[in-house]
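In what follows, a single structure is set out as structure tokens and then discussed.
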Amino acid sequence: MSRPGEPSGRAGRRTELDPVVYRFGSALALREGPGKDKVDDNGGPLGSPVSPLRPRVSAAANTSSSSSSSGSAPGKPPAPASCDTSPTAAADRSRGSKPGHRRSSSGPLIFSDRNGGSGGGSSSASSPLTNVLPAGNICPSGKITGMVPRTTARSDVLGSGTGNYGHGSIVRGGTSGGVPRIDAGTGSLVDPSARRPTASADPQLVTKAGNEQYKRGNYVEALRFYDKAVAMFPGNAACRSNRAAALMGLGRLGEAVRECEEAARLDPANGRVHHRLACLYLRLGQIENARLHIFSTGNQPDPVELQKLQTVERHLGKCGEARKIGDWKSALREADAAIVAGADSSPLLIAMKSEALLRLHQIDEADSALTSSPKFEMLCAPYLNTKFFGMHPEAYVYIVRAQVDVALGRFENAVEVAEKAKWMDSRSIEVAMILNNVKSVVKARIQGNELFKSGHFAEAITAYGEGLKYDPSNPVLLCNRAACRSKLGQWEKSLEDCNQALRIQPSYIKALLRRADSNAKLERWAESVQDYEVLSKELPHDPEVAEALFHAQVALKMSRGEEISNMKFGGEVEEVTSLEQFQAAICLPRASVICFMAVSNQKCSQITPFVNSLCIRYPSANFLKVDVDKSPTVAKAENVRVLPTFKIYKSGTRMKEMICPSQQVLEYSVRHYSL
């Protein structure tokens, strides 16, 4: 059953996260208290009478003696360690008494044996001075071996015991960072600066942090926390399900499927995991796998998800039927419908759409669709164990990719990809046929190119024709054959091949160049000028295209009986310095484009480079500029008040005036009046 917050199959929708339930006793063991036989930092049991002190004391010990434990009556809690501030001790210090044990007012000093009793006798003495410390073990008799003076400072603090001398633990770092406190459970001093457990050590806190990031849409950060949780408890299905949700948010569906499959293996009765798997398989276009998980729990399936699955299944069936009969428009329509219905990340449906676009001679769109398709390397094994149109699914995607590459002239890559498809599915007749076609087209292209380079144009035409038998709509072979026919003077046939190539691939620059040239050879100047103008936009800095456009424009004007005097190619923007020069320029029969500008004007500086490029792209027009600061008389005669201002004259008549025009408006006007 669907639950609130479950994904609906769309990328970016957040799903409800699974509560992580830890059923591990070891989680509690992480926090067990100190046991009876716990080993301290010095390697001995805490119950050992051996003093944990080492032959160095802290700087704090310069002013306080080692804490002594006093015997306590039954039922009375032991007194905590304290510094000896008795008058006797003070007197001893003032007299500079020698090191030794003397009775102090703090009470008797009791030494216990290993069994905790008072065996071995006892002795009472005052606390030792702070400039000495025990150099060895404390004997059961109560005697202490030789004392040595303190040499260096060490910031160790002896924790208080439970009535036995030396029972406390050493807390590293002294009291820096705060006042020590007594732990109620152990009776030991606790350094407040000691390192405390962090949230990263607690799996529940880690999962909670991941949930917070997931709710905010920070899937990368959420995945980082879920990775930590899975590393702590790899056998927890909830941790893996949450990780799958973050992967779905990142669009890494193949990894999400593998994570959910593992969660389902760990907890087969988890309905949320199966629901998530059904959504994933539906998005990948795997209808049977999606249906398996929708009904896997034995409960009534979610009617919304079930209807979505049935809709995708219906469109997939129609798509396959349209492909069989070659109805590529219907195949494209059904593939789009299946993607919209929920299978939005299916590489097979995207490949089907690309194949339909290729057959409909929309090569650029087909290539773009394949580029956006998910990679098979990121998908799961169950996805690749099915058949699609009778082929291995990965092999089908490869043959579509190979055909698109051939159409775009990527011949070497096409052969490589087609051979991969054959390796993936060696039994498929369709895969073998497409591999043979690709190799035949590549072979024909190589032979034709060699013949063309050697000047055997007729034989090259035959070679390209052989390749077109295997791929009649290959724009590269058509364009190459058009070049051969142009060399033989077969202008009409060359034009036909170029037109066919451009119908398949409208953005094919070589085919457009050859068609413009063929139209020029046939003296179809209007068509030639039109093609060259398109080329001048695609290749704005190509001098050959600019020159060809100029000559075509001159020829077009001549064919119309227009005046072509003073027209020359490669002119620059001419600067007008006098009113007489200006009047002479605007009286020319061709279009004169005058730019009124000023060097100090920012807008004029911004548009000047574009005007220079127009001068190159439209050589039939006469471009002039008037600096209003240098030639105020001309600006006043033309009543120019705002800069930049553009005016177009033809045979002394003003055709158009533009004040601060955009680049698009300016170019449109220049093109319109320069023809």
Side-chain angles (χ1 to χ4, degrees), residues 281-291 308-370 372-374 376 379 382-407 414 417-441 468-474 503-504:
Y281 278 123
L282 183 62
R283 292 185 62 184
L284 292 171
Q286 291 294 291
I287 301 301
E288 294 303 323
N289 289 332
R291 181 183 288 109
K308 188 187 298 183
L309 183 145
Q310 294 170 347
T311 303
V312 173
E313 185 177 24
R314 182 174 64 255
H315 288 304
L316 275 173
K318 292 182 179 180
C319 186
E321 295 173 359
R323 185 180 186 272
K324 288 181 181 179
I325 62 177
D327 185 1
W328 298 109
K329 288 185 178 180
S330 297
L332 178 61
R333 182 177 62 252
E334 295 299 330
D336 281 332
I339 291 172
V340 172
D344 58 348
S345 299
S346 170
L348 297 177
L349 273 174
I350 295 175
M352 176 70 252
K353 178 180 178 179
S354 178
E355 185 183 20
L357 290 168
L358 178 65
R359 303 302 181 193
L360 294 172
H361 300 157
Q362 301 179 35
I363 300 177
D364 293 332
E365 291 82 355
D367 183 48
S368 177
L370 275 182
S372 64
S373 175
F376 272 98
L379 300 180
Y383 188 91
L384 302 177
N385 293 333
T386 58
K387 291 289 185 179
F388 194 74
F389 299 144
M391 289 174 276
H392 186 279
E394 195 168 1
Y396 172 70
V397 176
Y398 280 148
I399 64 171
V400 175
R401 176 80 268 175
Q403 294 175 88
V404 172
D405 285 342
V406 165
V417 173
E419 288 177 343
K420 284 184 179 180
K422 179 66 176 176
W423 182 83
M424 295 295 303
D425 194 344
S426 58
R427 298 181 179 181
S428 173
I429 298 176
E430 185 174 356
V431 171
M433 181 185 67
I434 291 177
L435 175 60
N436 180 66
N437 290 351
V438 169
K439 288 184 175 181
S440 299
V441 170
L468 288 168
K469 292 179 181 179
Y470 297 96
D471 188 3
S473 301
N474 189 279
R503 279 194 296 269
I504 299 169

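- Between the CE atom in M391 and the OH atom in Y398 there is a gap of 14.5 Å [rounded to 0.5 Å].
- E288 and R291 are joined by a salt bridge, as a carboxylate oxygen and a charged side-chain nitrogen come within less than 4.0 angstrom of each other.
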>> salt bridge (charged side-chain N to carboxylate O under 4.0 Å, His left out) for R323 and E430? Distances and angles first, verdict last.
In response: CA-CA 13 Å; R323 185 180 186 272; E430 185 174 356; 2.6 Å; yes
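- Annotation: the span from L360 atom CG to E355 atom CD amounts to 10.5 Å, rounded to 0.5 Å.
- Atom OG of S428 sits about 9.0 Å away from atom CE of M433, to the nearest 0.5 Å.
- Residues V417 and A402 come closest through the heavy atom pair CG1-N, 4.1 Å.
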> Checking side-chain contact (heavy atoms from CB on, under 4.5 Å) for the pair N437/D471: CA distance, chi angles, key distance, verdict?
Replying inline: CA-CA 7 Å; N437 290 351; D471 188 3; over 6 Å; no
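- For the pair V312 and G342, the tightest heavy-atom approach, listed with the atom from each and the gap, is CG2-N, 4.1 Å.
- Listed here is the closest heavy atom pair of L349 and A338: CD1-CB, 3.7 Å.
- Using a 4.0 Å cut-off between charged nitrogen and carboxylate oxygen, E419 and K439 count as a salt-bridge pair.
- For the pair Q286 (side chain) and L282 (backbone), a donor-acceptor distance under 3.5 Å is absent.
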> Step by step, would you call Y470 with N436 a side-chain contact (heavy atoms from CB on, under 4.5 Å)?
Replying inline: CA-CA 9 Å; Y470 297 96; N436 180 66; 4.2 Å; yes
> Under the side-chain contact (heavy atoms from CB on, under 4.5 Å) criterion, do Q403 and R359 qualify, and how do the steps go?
Replying inline: CA-CA 10 Å; Q403 294 175 88; R359 303 302 181 193; 2.6 Å; yes
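- Rounding to the nearest 0.5 angstrom, the gap separating the OG atom in S330 from the CD1 atom in I325 is 7.0 Å.
- Among all heavy-atom pairs drawn from S473 and I504, the shortest one is O-CD1, 3.0 Å.
- To the nearest 0.5 Å, atom CG of residue L468 and atom OG of residue S440 are 12.0 Å apart.
- Judged purely by atom type and a 3.5 angstrom limit, D425 has no side-chain atom pairing as donor or acceptor with the backbone of A395.
- A337 pairs by the side chain to side chain contact (heavy atoms under 4.5 Å, CB included) definition with H315, not counting sequence neighbours.
- The pair E394-K420 does not count as a salt bridge, with every side-chain nitrogen at least 4.0 angstrom from each carboxylate oxygen.
- Annotation for M352 and Y396: closest pair CA-OH, 3.3 Å, computed over non-hydrogen atoms.
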>> D336 vs L332, test: side-chain contact (heavy atoms from CB on, under 4.5 Å). Steps then yes/no.
In response: CA-CA 6 Å; D336 281 332; L332 178 61; 3.9 Å; yes
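- Contact check for L358 versus V400: no side-chain heavy atoms found under the 4.5 Å cut-off.
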Please tabulate, one pair per line, all N/O donor-acceptor pairs under 3.5 Å involving side-chain atoms of residues 363-370, not counting sequence neighbours.
unit_1: D364; atom_1: OD2; unit_2: S507; atom_2: OG; d: 2.9
unit_1: D367; atom_1: OD1; unit_2: R401; atom_2: NH2; d: 2.5
unit_1: D367; atom_1: OD1; unit_2: R410; atom_2: NH2; d: 2.9

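- For the atom pair NZ of K353 and SG of C319, the computed distance is 11.5 Å after rounding to the nearest 0.5 Å.
- In this structure, the side chains of S346 and I339 stay at 4.5 Å or more apart for every pair of heavy atoms.
- The minimum heavy-atom distance linking L348 with P393 is given by the pair CD2-O, 3.3 Å.
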